[in-house]
Amino acid sequence: MTTITKSKRVQAKPEPTRDVPRSSLVGLWDWRRSNGHLFVSDTALRWFLRKHRDRFIEAGALFLVNGRQQVDPEKFEPVLREIGIEEARRASEEAA
């Protein structure tokens, strides 16, 4: 996009993007099958994502590509770990 001013032409800066190598993305359900010990069912993962979807998106860990949910495991798993720690602390405090 180009903006023209009185005396000079100014090239507008492109919006920043998060370049994610295509090869690093994995289908959400493929990821779940590989990590079945974390979520015992598809329903459990769906519920967890409904609750925490924004955190995964903000971290660049969850994408929608051609109508399919994709994850970047290198970013998804640390967010999952952080949420798990927070929930464990919360449960511990409630039990005390």
Side-chain angles (χ1 to χ4, degrees):
M1 178 177 176
T2 303
T3 307
I4 300 174
T5 62
K6 286 184 180 181
S7 61
K8 60 184 172 181
R9 194 175 224 197
V10 178
Q11 186 69 29
K13 291 182 181 178
E15 290 294 317
T17 59
R18 292 183 183 176
D19 293 326
V20 178
R22 183 181 209 154
S23 62
S24 70
L25 297 181
V26 176
L28 177 63
W29 305 116
D30 293 332
W31 179 88
R32 188 244 182 264
R33 276 190 290 281
S34 298
N35 294 278
H37 62 287
L38 297 172
F39 295 96
V40 296
S41 68
D42 289 351
T43 303
L45 178 56
R46 279 189 192 102
W47 176 86
F48 190 83
L49 285 177
R50 268 196 303 272
K51 189 174 177 185
H52 302 289
R53 181 176 319 277
D54 290 343
R55 292 217 14 215
F56 287 103
I57 292 170
E58 288 170 11
L62 181 64
F63 302 84
L64 190 63
V65 179
N66 292 324
R68 290 190 62 220
Q69 291 180 324
Q70 304 283 319
V71 300
D72 180 343
E74 291 182 14
K75 294 180 180 177
F76 190 87
E77 292 167 11
V79 174
L80 180 63
R81 187 173 290 111
E82 288 173 15
I83 293 169
I85 290 168
E86 290 169 10
E87 290 189 355
R89 281 189 183 129
R90 194 173 304 119
S92 177
E93 290 169 1
E94 290 172 3

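Note: hydrogens, waters and symmetry copies are ignored here, and every other heavy atom, side chains too, is used.
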_Flag, side chain of Asn66 to backbone of Arg68, donor-acceptor distance under 3.5 Å_ = no
*How many angstroms lie between CG in Asn35 and CG in Leu80, if you round to the nearest 0.5 Å?*
8.5 Å
_Checking Leu28 against Leu49 for the side chain to side chain contact (heavy atoms under 4.5 Å, CB included) test, could you report, in this order, the C-alpha distance in whole Å, the side-chain angles of both residues, the deciding distance, and whether it holds?_
CA-CA 11 Å; Leu28 177 63; Leu49 285 177; 3.4 Å; yes
*Ignoring hydrogens and angles, tell me if any N or O in the side chain of Arg32 forms a donor-acceptor pair with the backbone of Val40 under 3.5 Å.*
yes
*How close do Pro73 and Pro78 get, heavy atom to heavy atom, and via which atoms?*
O-CD, 4.0 Å
*Measure across Asp72 and Gly60 and return the closest heavy-atom pair with its distance rounded to 0.1 Å.*
CB-O, 4.1 Å
*Roughly how far apart are Arg90 CZ and Ile85 CD1, rounded to 0.5 Å?*
12.5 Å
_From Lys75 atom NZ to Ser24 atom OG, the distance as rounded to the nearest 0.5 Å_ = 7.5 Å
*Glu87 and Lys51 ion-paired at < 4.0 Å*: yes
*Can we say Arg81 and Glu86 salt-bridge, meaning some charged N sits less than 4.0 Å from an Asp/Glu carboxylate O?*
no
_Separation of Asp42 CG from Trp29 CH2 (nearest 0.5 Å)_ = 5.0 Å
*Taking the six-membered ring for Trp and the single ring otherwise, decide whether the centroids of His52 and Phe48 are under 6.0 Å apart.*
yes
*asked:* Please report the interatomic distance CG(Asp54) to CG(Leu62), rounded to the nearest 0.5 Å.
replied: 10.0 Å
*What's the spacing between Ile83 CD1 and Phe56 CZ if we round to 0.5 Å?*
4.0 Å
*For residues Trp31 and Gln69, is any side-chain donor paired with an opposing acceptor at under 3.5 Å?*
no
